[in-house]
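Worth knowing before you read on, the calculation uses all heavy atoms, side chains too, and leaves out hydrogens, waters and symmetry mates.
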Amino acid sequence: SPEKIWFPSVDFDVIEAETTVLRRLQYEKVDSIVEQLPEKDKKIILGIYFEGLSMTELAHRMGISRQAVSQHHTRCKKKLRYLLLETKLF
């Protein structure tokens, strides 16, 4: 069995709590950035990443072509990447 390593100077509960708080702040920042997007972009990001819809399903729901969803998705990712880098959270 693997040997357990003990770090007497590190309180893992504190590290876990700090990690949880940091993650929560990151999620809140991402949420606030997504909220700033135009409505169509927001629907695409939420549909793909939070609802797990395929581009085809999302196109049907939005009444646009799959190609339009794909193009919007590509632009959305670039916008999000820029905004997230600007926040320096990631």
Side-chain angles (χ1 to χ4, degrees):
S1 88
E3 182 180 327
K4 287 188 177 184
I5 301 173
W6 183 52
F7 299 96
S9 63
V10 178
D11 184 354
F12 286 103
D13 290 337
V14 170
I15 292 172
E16 188 174 323
E18 288 173 350
T19 301
T20 301
V21 168
L22 180 59
R23 230 180 245 135
R24 182 71 189 149
L25 289 171
Q26 289 173 333
Y27 290 142
E28 288 173 4
K29 189 63 181 177
V30 169
D31 187 53
S32 76
I33 289 171
V34 170
E35 285 300 315
Q36 295 173 35
L37 294 173
E39 198 59 35
K40 188 179 280 188
D41 294 351
K42 192 183 323 183
K43 285 180 182 178
I44 289 171
I45 293 300
L46 294 175
I48 291 173
Y49 295 106
F50 294 91
E51 295 179 49
L53 297 175
S54 70
M55 288 193 194
T56 302
E57 293 167 323
L58 197 51
H60 179 70
R61 177 190 282 183
M62 295 177 69
I64 60 177
S65 71
R66 187 201 175 286
Q67 183 178 1
V69 170
S70 180
Q71 290 169 348
H72 281 290
H73 179 241
T74 299
R75 283 196 298 271
C76 289
K77 287 192 307 184
K78 287 179 184 176
K79 284 182 201 174
L80 286 174
R81 189 176 302 119
Y82 172 78
L83 293 168
L84 288 169
L85 289 172
E86 216 176 45
T87 67
K88 295 182 172 82
L89 268 179
F90 294 93

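Distance CG/D31 to CG/L46: 8.0 Å, rounded to 0.5 Å. Separation of atoms CD1 (I33) and CG (L84) is listed at 4.5 Å; rounding is to 0.5 Å. The CE atom of M55 lies 12.0 Å from the CE atom of M62; values are rounded to the nearest 0.5 Å. Interatomic distance, I48 CD1 to H72 NE2, rounded to the nearest 0.5 Å: 11.0 Å.
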Kindly list each side-chain donor-acceptor pair under 3.5 angstrom involving residues 76-83, sequence neighbours excluded, with atom names and distances?
| from | atom 1 | to | atom 2 | distance (Å) |
| --- | --- | --- | --- | --- |
| K79 | NZ | D41 | OD2 | 2.5 |
| Y82 | OH | E86 | OE2 | 2.8 |

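Not counting sequence neighbours, R66 has no partner by the salt bridge (charged side-chain N to carboxylate O under 4.0 Å, His left out) test. Residues satisfying the side-chain hydrogen bond (donor to acceptor under 3.5 Å, both in side chains) test with Q36, not counting sequence neighbours, are none.
Under the ring pair (Phe, Tyr, Trp, His ring centres under 6.0 Å) criterion, the residue pairs touching residues 30-60 are Y49-H73, with sequence neighbours excluded. The salt bridge (charged side-chain N to carboxylate O under 4.0 Å, His left out) pairs that include a residue from residues 42-61 are E35-K42, E39-K42, E51-R61, where partners are two or more places apart or lie in different chains.
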